[in-house]
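Structure, as structure tokens:
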Amino acid sequence: MILKKYLVILMLLVSLLTACKQNVDVKNISGRLVTIDSTMVDDTIIAGIVSPYREEIDKQMNRIIGISEKVLSPYYPESPLSNLVSDIIRKRALSYLKSNNADSLSLISLMNIKGLRATLPKGNITVRNIFEIMPFENQIVVLKLSGESVKSFFHYISTTNGEGISGARLVIKDKKAESIAIDGQAIDLNQNYYLATSDYLANGGDYFSMITNPIHSELIGCKIREAIIEYIEELNQNNINIVCNIDGRVIID
């Protein structure tokens, strides 16, 4: 919230400084080409106004929130980072469902690997690291889907060599879903399931059209980035380092 407040203030300052006076008649318009390179000189007035806010933002972004025991990279078909983020999404969604007495269905989660834009480094982890991994404002949404819809999205991610999932195991052969298990049981096409994912995918991003007409859809009031930060902070408060491994939840046969 502090970071968001200073970003808003910074935007307001820029707007005020660039605002035009009203009732001005334009007599002439001219322009010139400005090359943006290392020879540019900072505007000292603007820099002086912005500097305190930039320093506060840097302070917040550089705050250490936890420790990772190793480098976690996103890659296909399964990676430590995609597993970690998918697990965090599922954990947060499950907490929401339980608090609303709505956890009667099996819950799986989905995180598109292309949405993870950086690697989690080894050692101290800062807020900035999480913004680099998840620079988007994606919200966590829970979808209630039919077994057929769930089967369709598993078949789709099989054509892309997998995505980040949690609560399920997928075996891919010849870019097709050969085996789908949810909570350790083979998928039941006569059952409904919960899927926790980003609002971007829920709205059909990355061609996930098969999940855009759920039985029910609900935002849980939490951004994916916020969930990651809070999860790591919770680990750190309990003196636990970040550890996530490949466990065979996505296998290409």
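All residue numbers refer to positions in the sequence shown, counting from 1.
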Is the side chain of [X] donor-acceptor paired with the backbone N or O of [Y] at a distance under 3.5 Å, no angle test?
| X | Y | answer |
| --- | --- | --- |
| D188 | N190 | yes |
| S106 | D183 | no |
| S152 | E148 | yes |
| E178 | K173 | no |

(request) Dump the intermediate steps for side-chain contact (heavy atoms from CB on, under 4.5 Å) on L195 and V142, then the final yes or no. (result) CA-CA 6 Å; L195 171 66; V142 175; over 6 Å; no
In the structure I gave you, are the side-chain heavy atoms of [X] and [Y] within less than 4.5 Å of one another anywhere?
| X | Y | result |
| --- | --- | --- |
| K151 | M210 | no |
| L145 | I215 | no |
| I125 | I67 | no |
| T197 | M111 | no |
| N83 | S166 | no |
| F136 | R117 | yes |
| S149 | F154 | no |
| S109 | S86 | yes |

If hydrophobic clusters are built from ILVMFWY residues whose side chains come within less than 4.5 Å, do [X] and [Y] share one?
| X | Y | value |
| --- | --- | --- |
| I187 | I211 | yes |
| I157 | V141 | yes |
| I228 | L94 | yes |
| Y193 | L170 | yes |

Enter the distance from [X]:[atom1] to [Y]:[atom2] here, rounded to the nearest 0.5 Å.
| X | Y | atom1 | atom2 | value |
| --- | --- | --- | --- | --- |
| I172 | I251 | CD1 | CD1 | 9.5 Å |
| R128 | I133 | CZ | CD1 | 13.5 Å |
| S68 | L84 | OG | CG | 8.5 Å |
| L143 | L201 | CG | CG | 9.5 Å |
| Y96 | Y194 | OH | OH | 10.0 Å |
| D199 | S217 | CG | OG | 9.0 Å |

(request) Determine, step by step, whether Y200 and D206 satisfy the side chain to side chain donor-acceptor pair (under 3.5 Å) criterion, reporting the C-alpha distance in whole Å, the side-chain angles of both residues, the deciding distance to 0.1 Å, and the verdict. (result) CA-CA 8 Å; Y200 169 71; D206 276 5; 3.1 Å; yes
(request) Using a cut-off of 6.0 Å, state whether more than 12 heavy atoms not belonging to K70 lie near its atom NZ. (result) yes
Test: [X] and [Y] ion pair at under 4.0 Å:
| X | Y | result |
| --- | --- | --- |
| R92 | E230 | yes |
| R249 | D247 | yes |
| R90 | D103 | no |
| K223 | E137 | yes |

(request) Kindly indicate, with the supporting measurements, whether the criterion side-chain contact (heavy atoms from CB on, under 4.5 Å) is fulfilled by I242 and L235. (result) CA-CA 7 Å; I242 304 166; L235 289 181; 4.1 Å; yes
(request) For the residue pair Y156 and F208, categorise the inter-ring angle as parallel (less than 30°), tilted (30 to 60°) or perpendicular (more than 60°). (result)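 Judged by the thresholds at 30° and 60°, the geometry between Y156 and F208 is perpendicular.
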(request) Please test Q60 against E56 for side-chain contact (heavy atoms from CB on, under 4.5 Å), starting from the C-alpha separation and ending with a verdict. (result) CA-CA 6 Å; Q60 293 297 321; E56 183 60 32; 3.2 Å; yes
(request) Under the salt bridge (charged side-chain N to carboxylate O under 4.0 Å, His left out) rule, what do E78 and R169 come out as? Steps first, then yes or no, please. (result) CA-CA 11 Å; E78 177 190 353; R169 293 188 182 276; over 6 Å; no
(request) For the pair I140 and L219, evaluate side-chain contact (heavy atoms from CB on, under 4.5 Å) and give the outcome as yes or no after the intermediate values. (result) CA-CA 6 Å; I140 298 175; L219 290 166; over 6 Å; no
(message) The test is side chain to side chain donor-acceptor pair (under 3.5 Å); show your working for S82 and S79 and say whether it passes.
(response) CA-CA 5 Å; S82 62; S79 72; 2.8 Å; yes
(message) Less than 3.5 Å apart, any donor N or O on the side chain of N62 or T126 sitting next to an acceptor on the other?
(response) no
(message) Less than 6.0 angstrom from the centroid, inside 45 degrees of the normal: does R225 satisfy that with respect to the ring of F131?
(response) yes
